[in-house]
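Read the structure below first, then the notes.
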Amino acid sequence: MNNTQQTALVTGANKGIGFETARQLARQGFTVWLGCRGKGRGEAAVRELAPDGDVRFVRLDVTDDASVRAAAAHIGDTTGALDVLINNAGIVVGDGEGHVSAVRAETIQQIFAVNFYGPLRVTQVFLPLVQKARAGRIVNVSSSMGSLTTITDPSQPWGQMPAFAYSSSKSVLNTLTGWLGNELAGSPIKVNSVCPGYNSTDLNGHQGTQHPSEGAKVVVRAATLPDDGPSGTFFDANGPVGW
């Protein structure tokens, strides 16, 4: 994929994996739109990334229709097309989370609002801009905890963790990837889910075992796939992950 003067949007990019993804894409020559709900936090992140390349703030709340549409209008008016869309924004909620028998319905709704309905909303609104690019890329930042293959494997620890709401949100996000991949088959657009691994971020209280820049490498790989790269797949740093 030729990166010259291409544009990318990364949601939830003021910190963590999204921040490092924005940095790596900027270093590759992309104009990167850093999506963030808060203007102050977003602009501070843009200032920090200024030495790495062309990074621009756009206010974007993935749970708000008006915010997403305003961001799309601004990016469309400024650059005309969007080469890469990265649905990175995500949350976990400690209060009410747990196993299937104990999780609160309100917790599921809160997590799904960001982790599933957010990417769905952003993708639907921004898809026309991605379709204007020569060969668009859509990346959904998922987790191995969303893999039914993984959580039903007795040798894996993830299925025993009390995180039904979060893992379910990622399972449904993977379903979005599969269906969108089917819909866009035959087009130059590639859509994939990726698991960036266990990174030290606010999301897990910085208990992760690797720096977010390592997880960002997996995201950037999906964002810069060549024309003969895969679409409608789910992979991590080691290769394909079972759905």
Side-chain angles (χ1 to χ4, degrees), residues 1 3 5-14 17-19 21-22 24-26 28 30-39 42 45-46 54-91 112-142 169-170 172-194 216 219-225 229 231-233:
M1 188 176 181
N3 304 348
Q5 296 182 345
Q6 290 190 317
T7 59
L9 166 66
V10 186
T11 67
N14 60 295
I17 296 170
F19 180 84
T21 297
Q24 292 178 24
L25 287 173
Q28 291 192 25
F30 282 85
T31 293
V32 181
W33 292 97
L34 186 149
C36 178
R37 289 180 300 168
K39 182 178 180 181
V46 165
D54 185 4
V55 182
R56 309 177 187 186
F57 166 71
V58 61
R59 185 183 179 280
L60 198 159
D61 180 347
V62 302
T63 68
D64 182 79
D65 285 330
S67 172
V68 175
R69 293 189 183 281
H74 178 63
I75 293 175
D77 289 344
T78 305
T79 61
L82 184 67
D83 297 278
V84 175
L85 169 61
I86 299 176
N87 288 308
N88 167 76
I91 63 169
F112 268 56
V114 177
N115 294 6
F116 172 64
Y117 288 108
L120 176 61
R121 176 180 293 109
V122 171
T123 299
Q124 289 179 335
V125 172
F126 277 89
L127 185 57
L129 289 180
V130 177
Q131 289 172 321
K132 290 181 180 180
R134 184 192 67 81
R137 302 289 183 264
I138 299 173
V139 184
N140 293 323
V141 180
S142 185
S169 73
K170 295 301 185 179
V172 182
L173 179 63
N174 289 344
T175 303
L176 168 61
T177 297
W179 278 100
L180 187 59
N182 289 343
E183 181 178 342
L184 298 175
S187 80
I189 298 174
K190 297 187 183 300
V191 52
N192 292 284
S193 282
V194 298
V219 182
V220 171
R221 184 185 309 165
T224 57
L225 286 171
S231 185
T233 69

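Just so we're clear, the structure is a prediction, and the values are computed from it rather than from any experiment.
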Yes or no on side-chain contact (heavy atoms from CB on, under 4.5 Å) for V84 and Q6, after CA distance, side-chain angles and deciding distance?
-> CA-CA 8 Å; V84 175; Q6 290 190 317; 5.6 Å; no
Partner of V219 under side-chain contact (heavy atoms from CB on, under 4.5 Å), picked from T224, V194, N140, is V194
Ignoring hydrogens and geometry, is there a side-chain-to-backbone donor-acceptor pair from D83 to A135 under 3.5 Å?
-> no
Determine the sole option in I17, T11, V141 for which the side-chain contact (heavy atoms from CB on, under 4.5 Å) test with I86 is passed.
-> V141
Is there any ring pair (Phe, Tyr, Trp, His ring centres under 6.0 Å) pair reaching into residues 61-83, and which pairs are they, with sequence neighbours excluded?
-> W33-H74
Any donor-acceptor pair under 3.5 Å linking the side chain of S231 with the backbone of A185?
-> no
Does CZ in F112 sit with more than 12 non-hydrogen atoms of other residues, nucleotides or ligands closer than 6.0 Å?
-> yes
With V58 as reference, evaluate L34, T78, L9 under the side-chain contact (heavy atoms from CB on, under 4.5 Å) test and give the passing residue.
-> L9
What do you reckon, is CZ of R221 surrounded by more than 12 foreign heavy atoms closer than 6.0 Å?
-> yes
Looking only at side chains, do T177 and S193 share a donor and an acceptor under 3.5 Å apart?
-> yes
Quick one: are L225 and N192 in side-chain contact, heavy atoms under 4.5 Å?
-> yes
If you look only at pairs with a residue in residues 57-80, which of them pass as a salt bridge (charged side-chain N to carboxylate O under 4.0 Å, His left out), with sequence neighbours excluded?
-> D65-R121
Compare all side-chain heavy atoms of L176 with those of P119 and state whether any distance is below 4.5 angstrom.
-> yes
Close side-chain approach of L60 to F126, heavy-atom, < 4.5 Å | yes
